[in-house]
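Residues: numbered from 1 along the sequence shown.
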Amino acid sequence: MMHDFLVSNRTELERRCRDKVSSRLDRYPNRQQLEHGIPMFLDQLIRTLKAEDKGAATAAQTISGLSSGDPDCRAEVGVSAAIHGADLLTLGYSINEVVHDYGDLCQAVTDLSIDLNETFTIDEFRTLNRCLDNGIADAVTGFSEHRDLVIADEQALEANERLGFFAHELRNHLNTATLALAAIKAGNVGLLGSTGSVLDRSLVGLRTLIDRSLAEVRIGPGMSLHRSVFSLANFIGEVKYAAALEAKLLNCSLHVEEISSTLMIDADKDLLFSALGNLLQNAFKFSGRDGVVTLSVDVGADRIRVKVKDSGPGLSPEAARDMFLPFTQSGSNKSGLGLGLSIARRSVEANGGSLTVDSKPGHGCLFTIDLPMPAVVA
């Protein structure tokens with residue numbers, strides 16, 4: 001009888017299955033596998049065979065399920081197999097390894113029966129195959145359902161992050177527009193001057209942000225760039241005017257080094273403006289009152305590097321490493337959402353560049369936007 005063989009040789013069968021798992025790269029039997037994996041399946045298989053040997057077909061099917069694998073009639077084997085499949089996903093196993101677990105037992109039973117010259121009836125082999133089929137099917141189903149839940153959670157997290165990006169950029173544009181409007185209302189500047197241009201850019205930025213958000217909904221997760229070749233000096237001038245209002249409000253000095261009027265750059269202007277604006281806002285925030293922020297440009301053979309240096313307290317290597325993660329706030333000033341630097345890095349990378357930081361405690365931070373030189377001037 002197969003059930004007698006399984007009972008008598010259970011320890012050896014489990015050992016062989018463990019050895020097969022251990023032989024795979026970085027895979028070792030663990031508590032989840034021991035609770036819901038092959039040992040439990042082996043117990044269910046033995047009870048099924050005993051029930052069938054006594055002619056109790058209904059009791060056997062309650063344990064192992066129907067040969068048709070009816071999903072509406074999940075038996076003990078299916079319930080524990082589904083838990084086992086979900087456990088293996090949590091442990092980082094692939095769906096192939098889920099199937100291997102049951103294949104290991106089948107191979108162990110076959111090999112050991114040959115070693116001991118044991119023979120089984122056709123009906124016993126059918127029962128073994130039915131239990132294996134149902135176990136594999138429900139383990140794979142449990143694995144897949146749990147994976148779908150994990151993917152859904154990741155997508156929800158990504159959606160929340162995108163919403164956070166939108167809200168942060170919206171707030172930045174509104175803040176700049178409010179400062180510009182306050183300066184105009186005070187009567188010190190006119191609508192046609194630089195402050196009026198700042199107000200206009202902020203309003204255009206708001207419109208662009210909303211348009212892009214709507215377009216992103218329509219076309220999916222990707223976002224097309226609107227690249228153009230433009231004067232870097234003029235661009236830095238616009239950034240300077242926008243940033244000067246906030247610098248003045250915080251009693252912080254903004255020093256912009258001279259830039260060649262012939263230097264051109266190929267990028268999505270709005271995304272680059274957003275990135276540089278976020279870096280300057282961050283620099284003002286941590287430089288504090290009477291602080292100094294320097295904006296400069298270095299040109300290499302085929303690279304353009306835009307640099308923002310602040311006079312803040314600087315950061316430890318650990319804080320500098322994590323500061324580009326969404327919702328991360330470094331330093332003592334915890335105002336804001338912790339999204340600005342993450343947005344800045346994504347905006348720069350979308351333009352084919354990189355954003356890095358060099359910081360030491362007590363020496364401030366130096367942020368560098370590294371972009372390729374436009375092909376037209378390379």
Side-chain angles (χ1 to χ4, degrees), residues 158-177 198 201-217 219-232 234-243 246 264-285 293 295-297 303-310 320 322-330 336-358 365-374:
E158 183 180 353
N160 287 338
E161 185 177 302
R162 286 177 179 273
L163 181 60
F165 289 162
F166 173 79
H168 183 81
E169 286 293 85
L170 189 66
R171 186 182 68 171
N172 283 347
H173 285 305
L174 284 173
N175 183 53
T176 302
V198 170
R201 170 165 283 281
S202 297
L203 294 175
V204 170
L206 285 171
R207 183 190 64 193
T208 302
L209 178 63
I210 294 171
D211 288 345
R212 285 195 171 187
S213 297
L214 292 174
E216 188 174 14
V217 172
I219 67 176
M223 186 163 55
S224 58
L225 297 180
H226 299 284
R227 303 183 70 98
S228 62
V229 178
F230 53 90
S231 166
L232 185 58
N234 290 343
F235 173 77
I236 293 296
E238 293 179 17
V239 172
K240 176 184 176 181
Y241 285 127
E246 188 164 359
M264 307 296 285
I265 191 166
D266 181 7
D268 184 309
K269 192 174 184 179
D270 292 325
L271 281 182
L272 192 58
F273 192 95
S274 169
L276 191 51
N278 275 317
L279 292 181
L280 288 170
Q281 287 175 347
N282 184 79
F284 296 145
K285 174 181 174 180
V293 174
L295 175 59
S296 62
V297 174
R303 309 296 295 182
I304 296 175
R305 287 174 287 274
V306 181
K307 299 183 177 182
V308 175
K309 178 74 171 67
D310 66 47
D322 297 336
M323 69 188 311
F324 292 108
L325 297 176
F327 305 105
T328 298
Q329 293 180 312
S330 302
L337 300 175
L339 285 170
L341 294 179
S342 179
I343 293 172
R345 171 168 277 185
R346 288 183 58 183
S347 298
V348 172
E349 289 176 348
N351 278 292
S354 64
L355 173 58
T356 57
V357 62
D358 182 21
C365 293
L366 173 63
F367 291 90
T368 302
I369 297 175
D370 190 317
L371 295 165
M373 185 78 74

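With contacts defined as side-chain heavy-atom distances shorter than 4.5 Å, the pair L371/N351 qualifies. Within the 4.5 Å cutoff, the side chain of L276 has no heavy atoms near those of the L272 side chain. The shortest side-chain heavy-atom distance between P374 and I304 falls under the 4.5 Å cut-off. Residues L280 and V308 have side chains in contact (heavy-atom distance under 4.5 Å, counting atoms from C-beta outward). At least one side-chain heavy atom of I236 sits less than 4.5 Å from a side-chain heavy atom of L295. Residues M264 and L232 form no side-chain contact, since every pair of their non-hydrogen atoms from C-beta on lies 4.5 Å or further apart.
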>> I'd like to know whether K307 forms a side chain to side chain contact (heavy atoms under 4.5 Å, CB included) with F367, so could you lay out the CA-CA distance, the side-chain angles of the two residues, the decisive distance to 0.1 Å, and finally the verdict.
In response: CA-CA 6 Å; K307 299 183 177 182; F367 291 90; over 6 Å; no
> Are L355 and E349 close enough, and set up right, to give a side chain to side chain contact (heavy atoms under 4.5 Å, CB included), and what steps lead you there?
Replying inline: CA-CA 8 Å; L355 173 58; E349 289 176 348; over 6 Å; no
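In this structure, NZ on K285 lies 11.0 Å from CG on N278, to the nearest 0.5 angstrom. The distance from the CG atom of L271 to the NE2 atom of H226 is 8.5 Å, given to the nearest 0.5 Å. Within the model, atoms OG of S347 and CG of D270 stand 10.0 Å from one another, a figure rounded to the nearest 0.5 Å. Summarising the geometry, atom CG belonging to D268 is positioned 7.5 Å from atom OG belonging to S228; distances are rounded to the nearest 0.5 Å. We find the CD1-CD1 distance between I265 and I369 to be 8.5 Å, quoted to the nearest 0.5 Å.
K240 pairs by the side-chain hydrogen bond (donor to acceptor under 3.5 Å, both in side chains) definition with nothing, not counting sequence neighbours. The side-chain hydrogen bond (donor to acceptor under 3.5 Å, both in side chains) search around R303 returns D370, not counting sequence neighbours. With sequence neighbours excluded, the residues that form a side chain to side chain contact (heavy atoms under 4.5 Å, CB included) with K309 are T294, L366.
Residue F230 qualifies as enclosed at atom CZ: its count of foreign heavy atoms under 6.0 Å is above 12.
Across Q281 and T176, no two heavy atoms sit closer than the pair NE2-OG1, 4.5 Å.
Between the side chain of R227 and the main chain of D266, a donor-acceptor pair closer than 3.5 Å is present. Although no hydrogens or angles enter the test, the distance criterion places no donor-acceptor pair under 3.5 Å between the side chain of N175 and the main chain of R171.
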